[in-house]
Participant: 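Have a look at this one.
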Amino acid sequence: MATGVKRGSARRGVSRGAAQVRTTARQAAATRPAKQGSKQAPRVPVSSRRSGVCAFAAPSEDTAMAKPAMVELPKTPQDIVFVAAEVAPWSKTGGLGDVVGGLPIELAKRGHRVMTVAPRYDQYSDAWDTSVVLEIMGERVGFFHSKKKGVDRVFIDHPCFLAKVWGKTGSKLYGLKSGADFVDNSKRFRIFCEAAIEAARCLPFSYGEDVTFVANDWHSALVPVLLRDVYKPSGQFLDAKCAFCVHNIAFQGRFWQDTWDKLGLPDSSKEIFEFDDGYDKVFTEDEPDEEDEESLKELGLTYAKLNWMKAGFLSSDKNVTVSPNYAEEVVSNPSKGVELDNVIAEAGGIEGIVNGMDSETFNPLKCKFIPVRYGPQSVAEGKAAAKEALQAELGLDVDPAAPLVGFVGRLEEQKGVDVMLAAVDQIVSETNCQVVILGTGKKSYEAKVKKVMGKGGRTAAVVKFAPRVARMIFAGSDYLLVPSRFEPCGLIQMQGMAYGAVPIVASTGGLVDTVKEGVTGFHMGALDPDALVEEDVQAVAETVAFAAQKYGTAAFEEMRDACIKQDLSWSEPARKWEALVEEMKAVEVEEAVAKKESVATPVAKV
Ligand code: ADP
C-alpha cells in the first residue's frame, strides 16, 4: 500500500477511539485572530414533579454564582435517552463523559424522564443486573441498571467491553494506546447501538418507543441509522426522534469497507457511510498511528472507507454540537469540518449549545481535595491556601508572589502541548511565573513533559489521570493555560473559572464562547492548525507575560471574581436542550424557539 511523501505535522487527534483522522488539528482557525496581548479582541460569534414551577434550595451566602431562581418547568415532560461510549463517573476519557454524566441530571431535575446508555466496562458495584438478556448480532447482551440523581443509568454488558477494559485505566476504552484502536471497535459499537435502542423498550422501567434519543459522537452514530433504516421501516419506534451530538469532529469512526458486511444493515444504507480519504490506515492495533511517522496523504491517492459520523449526520433528525462557535467552524471549510463540512450542510446544518459544567464535583465550596473550602467571598484566602499546598506537594518554591500557571488535559497536538512546552523556558526566564502541567496522552509528549518540567522550583509535571491533582491545580493556580489548536467546547477553562483561576486561551471553538477577553480571561489568538510555529510559541509566552503583569492588581482580582461568580452549571444549557427536544417532537414549537433564544452563552452573561 502506498505510503506517500512525508508531510510535516498534519497528523493530529488520533485518539479518543477510532479517530482515523489524521488531519484533525487542521480544523483550527482558518482566519487567525491577532495574537495577544490582547492587541485585538477575539472574534465573538453572533451569536413527582412533571410540570409547573419550583424553586431550588437557597445556597449559602458564598454561592452568589448559584442564586436561587424560580425554575419554569416544561409543560410536556419528555422521555430522553442519551447514548454514549462514556458516562462520568463510571467511564470517562474527557468531556464526552462529563457531558453525559451531568446534562441528564439537570434535565431530570426539570421533570423529564432521562436514561443514559453506556457500555459496562467494569464491575460497577452500584449497578444491578436487570436479568434482561437479548440476542443482538448473534451475541448475548445483558443490561445493568443504576438510578442516581433521578437518572436511569443503563450499562450494556458484553465481553467486548468488560473483558477488554476491566482492570485497565479509564483511558483504555477504545484501545490500549492512543492511535491504536481495538480492531473490533466496529463490532463493539454496532452491538452497543442496537442494545441502546432496545434499552428504551425492553427494561422493567420501560420508556417505550416514543422517546427522543441523543446519540453522541461516532460510537453511537448507528443509533439514528438503525432507527431510520431498520426500525422505522418495520413499523417500530415510529414516533421516536434522534439528535446526533458531536463532541469532537476529529474522531469520526472511519473503517475499511470490508467491515460493512458485518454491520448487518440494509445495502441501501451503505451510501451514507461511503467516504474516501487520503490515508492508507485506519489506526487500529493492526495499523497503528506511528507517532514519528511522517508519511501521509501526499500522492493524491484515495482510499475507500466507511465513515460512521457521516452516516450519523445524514440520518439524524437534528445535528448538534457543543458550542455555537464550533458549530460555525465545522461548516466553514474542509479543514475545520475535518472533511465533513459539506456533509453537515447537506444534512441541514448543525446547532451549537455550550456545555455546562458539573458544579457539584467542581466546586471549591464542597471540594474535599483542597485545604480550605472557599467561594466568591473567600476566594483570595482559599486560593492562597491551595496554592501553598500545591507548590509544596509538587516541589515548587512556596512563593505566594509567583503567578502560578496551570495546565490540565490530554497530551496531544489538539491541546497545543507542543507549543506550550516550547514556550515554557521563555515564560520562566521572562516572568516570575511558575508552570504546572497535569496530563496523559501520547507517549512522546509524556516523555517530553517529564524532560522539560520539574526544574528549579519553577516548573512541575504530573503525568497521570488524577482528578484530585486536577482540582488542586484549578484551586492553586492563578491562571489556567488552554492553548488548544481546536476546542469544540472545552471544560477545563470552565472548571478553572469555577475555582477562580483566570483562563489564558487560544481563540477557537467554545473557548471563544466561554472566555471574555479582559473580563474572564485572556485570548492569545488562534494557533496554527498543523505545525509548531515560532509565532505561536511567542503568542503563548507573550499572553502569559501580559496576564502575569496584572497579577496582584485590582484588575486581576476583578477578573478572578468575575470567573468564580459565573453560573457555569448545566442549568441554562439544559433549558436549551429541553427546547431542542421539544422542537424535534413538535410540541410547543414557538415556545421552544423563544426558550432557546433566551439562553445566553457565558460570554454574553458576564
Ligand atoms: P477533551 O474532552 O477534549 O479531553 P475537555 O476539556 O472537554 O477536553 O474535558 C476534559 C475533562 O477531563 C475535564 O473534566 C478535565 O478535568 C479532565 N481531565 C483531563 N485530563 C485530566 C487528568 N490528567 N487528570 C484528571 N482529569 C483530567
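In listed order, ligands and their atoms are each counted from 1. Nothing here was measured: the structure is a model prediction, and the numbers come from that model.
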Participant: Mind checking the CD-CZ spacing from Gln252 to Phe313? Nearest 0.5 Å is all I need.
Facilitator: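 Nearest 0.5 Å value for the CD-CZ distance: 7.5 Å.
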Participant: Counting N and O atoms only, with roles assigned by atom type, does the side chain of Arg485 sit under 3.5 Å from a partner on the main chain of Ala531, one being a donor and the other an acceptor?
Facilitator: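 Yes, because the side chain of Arg485 sits within donor-acceptor range (under 3.5 Å) of the backbone of Ala531.
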Participant: To which of Glu487, Lys464, Arg410, Lys415 does the heavy atom nearest atom 8 (O) of ligand 1 belong?
Facilitator: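 Among Glu487, Lys464, Arg410, Lys415, the closest heavy atom to atom 8 (O) of ligand 1 comes from Lys415.
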Participant: When you look for heavy atoms under 4.0 Å from ligand 1, do you find them on the side chain of His247, its backbone, both, or neither?
Facilitator: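 For His247, no heavy atom sits under 4.0 Å from ligand 1.
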Participant: Checking the N or O distance criterion of under 3.5 Å, is ligand 1 in contact with Thr440?
Facilitator: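 Among all N and O atoms of Thr440, none is under 3.5 Å from an N or O of ligand 1.
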Participant: Examine ligand 1 and decide if any of its atoms is less than 4.0 Å from a heavy atom belonging to Gln493.
Facilitator: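 Gln493 does not count as a contact of ligand 1 under the 4.0 Å cut-off.
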Participant: Can you tell me if Asp536 uses its side chain to pair, donor with acceptor, with the backbone of Ala539 under 3.5 Å?
Facilitator: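 Checked: no pair found.
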Participant: In ligand 1, which numbered atoms sit nearer than 4.0 Å to a non-hydrogen atom of Ala466?
Facilitator: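 Atoms satisfying the 4.0 Å criterion: 22 (C), 24 (N), 25 (C).
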Participant: With a cut-off of 4.0 Å, which atoms of ligand 1 are near a heavy atom of Gln495?
Facilitator: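 Listed by number with element, the hits are 13 (C), 14 (O), 15 (C), 16 (O).
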Participant: In terms of atom number and element, which parts of ligand 1 are under 4.0 angstrom from non-hydrogen atoms of Gly439?
Facilitator: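 Atoms satisfying the 4.0 Å criterion: 23 (N).
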Participant: I'd like to know if Arg575 pairs up with Glu578 as an ion pair, taking the criterion as any Lys NZ or Arg NE/NH1/NH2 lying under 4.0 Å from an Asp or Glu carboxylate oxygen.
Facilitator: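 Salt bridge: no.
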Participant: Give the atoms of ligand 1, by number and element, whose distance to some non-hydrogen atom of Asp98 is under 4.0 Å.
Facilitator: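 Per the distance check, 11 (C), 13 (C), 14 (O).
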Participant: Show me which atoms of ligand 1 lie under 4.0 Å from any heavy atom of Pro467.
Facilitator: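 Once the distances to Pro467 are compared, the set is 25 (C).
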Participant: Does any N or O of ligand 1 fall below 3.5 Å from an N or O anywhere on Gly490, backbone included?
Facilitator: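 No, no N or O pair falls under 3.5 Å.
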Participant: With heavy atoms of Gly409 as the reference, note each atom of ligand 1 found under 4.0 Å away.
Facilitator: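 Atoms satisfying the 4.0 Å criterion: 19 (C), 20 (N).
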Participant: For Tyr279, does its backbone N or O pair with a side-chain atom of Asp277 as donor and acceptor, under 3.5 Å?
Facilitator: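 Yes; judged by distance alone, with no hydrogens or angles, the pair exists.
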Participant: Quick check: closest heavy atoms across Leu527 and Val419, and the distance to 0.1 Å?
Facilitator: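 Residues Leu527 and Val419, closest heavy atoms: CD1-CG2, 4.3 Å.
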Participant: Is it the case that more than 12 heavy atoms not belonging to Lys455 sit under 6.0 Å from its NZ atom?
Facilitator: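 More than 12 heavy atoms, drawn from other residues, nucleotides or ligands, come within 6.0 Å of this atom.
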Participant: What pairs with Lys576 under side chain to side chain donor-acceptor pair (under 3.5 Å), at least two apart in sequence or on another chain?
Facilitator: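 Expected list: none.
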Participant: Just distances here: any N/O of Thr93 and N/O of ligand 1 closer than 3.5 Å?
Facilitator: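 No; the residue has no nitrogen or oxygen that sits under 3.5 Å from a nitrogen or oxygen of the ligand.
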